[in-house]
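Basis for what follows: all heavy atoms, side chains included, without hydrogens, waters or symmetry-related copies. Quantities reported herein were computed from a predicted structural model and do not represent experimental measurements.
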Amino acid sequence: MTPQRRDIGQQYQNETKYFREQSHWRMNASTDSAYPHLSDSEASSTISVLPLPPAPQADLWEILKKRRSHRDFSLQPISFNDLCLLLFAVQGVTSTQNGYLFRTAPSAGALYPIETYVLVHRVASLRSGLYHYHVAQGYLELRRLGSFERNLASAALDQTMVADAAVSFIWTAVVHRSTRKYRERAYRYIYMDAGHIGQNLYLAATALGLGCCTIGAFYDDEINALIGVDGLSETVVYMGIVGHRLSDERLQRR
Ligand SMILES: Cc1cc2nc3c(=O)[nH]c(=O)nc-3n(C[C@H](O)[C@H](O)[C@H](O)COP(=O)(O)O)c2cc1C
């Protein structure tokens, strides 16, 4: 049996990154990527996303049939209640046992390496900016006020739909939560965890009548800089965008 090489997980993470100077499946790089730094002086504030607001009735089998990736969004903001429901769907706590916070999405070893950052663009009664979702306490912590959706779109290989979405979810992995138990194999589990979370976002958005698309194509280092993580101990792994869909009629008129 070949012994597992130490650091192969981190090497995998680094060597599968996208960089602007290389060509990828979508490449029309803009230079609009100078991110404002997160400032310590900016007062941090928190917004509770619990208790869970009432959710519309939805039939799981219909939702599964309807789920699709949508990339055309209208200018209509989503409601704050919808954002609360989406957050619950991605990482909401559903049970506490022996100190474990079990959630809507499964996680290898119940280690929950994935963190959720929320880039608010158009959410009713919420100021635009970057927020971090504190799962255990059920609140959003404001990290930085401002309109960063164009920066995010630029960092997502210039996928302009990112700038049009009402809200973007940026999922990072706090790697040591998984590696301390699973070592290098943890990198597999991290991405599986993220996949479950992404599907939950799709299903919840569909149930709310919203459009959703998950995103795996991005310049890792640019997203990490935008949200203020180091890219090693914590690094972006996946994203998802949500908004009201442009009607088919308006799409045809475009
Ligand atoms: C891991 C993953 C990464 C994806 N990344 C992107 C992306 O960067 N841009 C995009 O437009 N769609 C992305 N998608 C959406 C896929 O293109 C979409 O799921 C696929 O075309 C099938 O269509 P459907 O979701 O409507 O069934 C991604 C989906 C997954 C699961």
With clusters defined by side-chain heavy atoms of hydrophobic residues (ILVMFWY) lying less than 4.5 Å apart, directly or transitively, does [Y] cluster with [X]?
{"X": "Val93", "Y": "Leu111", "answer": "no"}
{"X": "Phe80", "Y": "Phe88", "answer": "yes"}
{"X": "Leu101", "Y": "Tyr189", "answer": "no"}
{"X": "Leu50", "Y": "Ile47", "answer": "no"}

Side-chain donor-acceptor pair under 3.5 Å between [X] and [Y], yes or no?
{"X": "Arg20", "Y": "Ser154", "value": "yes"}
{"X": "Gln11", "Y": "Arg5", "value": "yes"}
{"X": "Tyr117", "Y": "Ser168", "value": "no"}

Output yes when a side-chain donor or acceptor of [X] lies under 3.5 Å from a complementary backbone atom of [Y], and no otherwise.
{"X": "Asp220", "Y": "Thr235", "value": "no"}
{"X": "Ser74", "Y": "Ser247", "value": "no"}
{"X": "Asn151", "Y": "Leu226", "value": "no"}
{"X": "Glu62", "Y": "Asp59", "value": "no"}
{"X": "His121", "Y": "Ala163", "value": "yes"}
{"X": "Glu184", "Y": "Gly9", "value": "yes"}
{"X": "Arg122", "Y": "Asp164", "value": "yes"}
{"X": "Arg245", "Y": "Gly209", "value": "no"}

Distance from [X] atom [atom1] to [Y] atom [atom2], nearest 0.5 Å?
{"X": "Ile241", "Y": "Leu152", "atom1": "CD1", "atom2": "CG", "result": "9.0 Å"}
{"X": "Ser45", "Y": "Glu141", "atom1": "OG", "atom2": "CD", "result": "8.5 Å"}
{"X": "Trp171", "Y": "Ile197", "atom1": "CH2", "atom2": "CD1", "result": "7.0 Å"}
{"X": "Asp7", "Y": "Tyr12", "atom1": "CG", "atom2": "OH", "result": "16.0 Å"}

For Phe102, does the CZ atom have more than 12 heavy-atom neighbours from other residues, nucleotides or ligands under 6.0 Å away?
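Correct, the count exceeds 12.
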Thr214/Met239 under side chain to side chain contact (heavy atoms under 4.5 Å, CB included): CA gap, chis, key distance, verdict:
CA-CA 6 Å; Thr214 56; Met239 303 205 307; over 6 Å; no
Within the 4.5 Å heavy-atom criterion, are [X] and [Y] side-chain neighbours or not?
{"X": "Cys212", "Y": "Thr206", "value": "no"}
{"X": "Val236", "Y": "Ile170", "value": "yes"}
{"X": "Pro53", "Y": "Leu85", "value": "yes"}
{"X": "Gln13", "Y": "Tyr187", "value": "yes"}
{"X": "Thr172", "Y": "Thr116", "value": "no"}
{"X": "His132", "Y": "Leu142", "value": "no"}
{"X": "Tyr182", "Y": "Arg188", "value": "no"}
{"X": "Tyr112", "Y": "Gln91", "value": "no"}

Atom of [X], atom of [Y] and distance for their closest heavy-atom approach:
{"X": "Ala207", "Y": "Ile63", "result": "CA-CD1, 3.5 Å"}
{"X": "Leu83", "Y": "Val167", "result": "CD1-CG2, 4.0 Å"}
{"X": "Ala124", "Y": "Pro77", "result": "N-CB, 4.0 Å"}
{"X": "Pro113", "Y": "Ile190", "result": "CG-CG1, 4.0 Å"}
{"X": "Val242", "Y": "Ala165", "result": "O-CB, 3.6 Å"}
{"X": "Asn224", "Y": "Gly231", "result": "ND2-CA, 3.3 Å"}

In plain terms, say whether Glu15 and Lys17 are close enough for a salt bridge, that is, a side-chain N and a carboxylate O under 4.0 Å apart.
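Salt bridge: no.
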Are Glu234 and Arg177 ion-paired here, with the side-chain N under 4.0 Å from a carboxylate O?
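No.
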For side chain to side chain contact (heavy atoms under 4.5 Å, CB included), just list the numbers for Leu140 and Leu126, CA-CA rounded to whole Å, side-chain angles, deciding distance to a tenth of an Å, and then say yes or no.
CA-CA 11 Å; Leu140 284 175; Leu126 206 53; 4.3 Å; yes
Test side chain to side chain contact (heavy atoms under 4.5 Å, CB included) on Tyr191 and Val237; report intermediate values, then the result.
CA-CA 7 Å; Tyr191 284 97; Val237 289; 3.6 Å; yes
Please state whether the rings of Tyr139 and His134 are parallel, tilted or perpendicular, taking 30° and 60° as the class boundaries.
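Rings of Tyr139 and His134: parallel, under 30°.
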Show the numbers, then the answer: is there a side chain to side chain contact (heavy atoms under 4.5 Å, CB included) between His70 and Tyr202?
CA-CA 10 Å; His70 294 284; Tyr202 267 120; over 6 Å; no
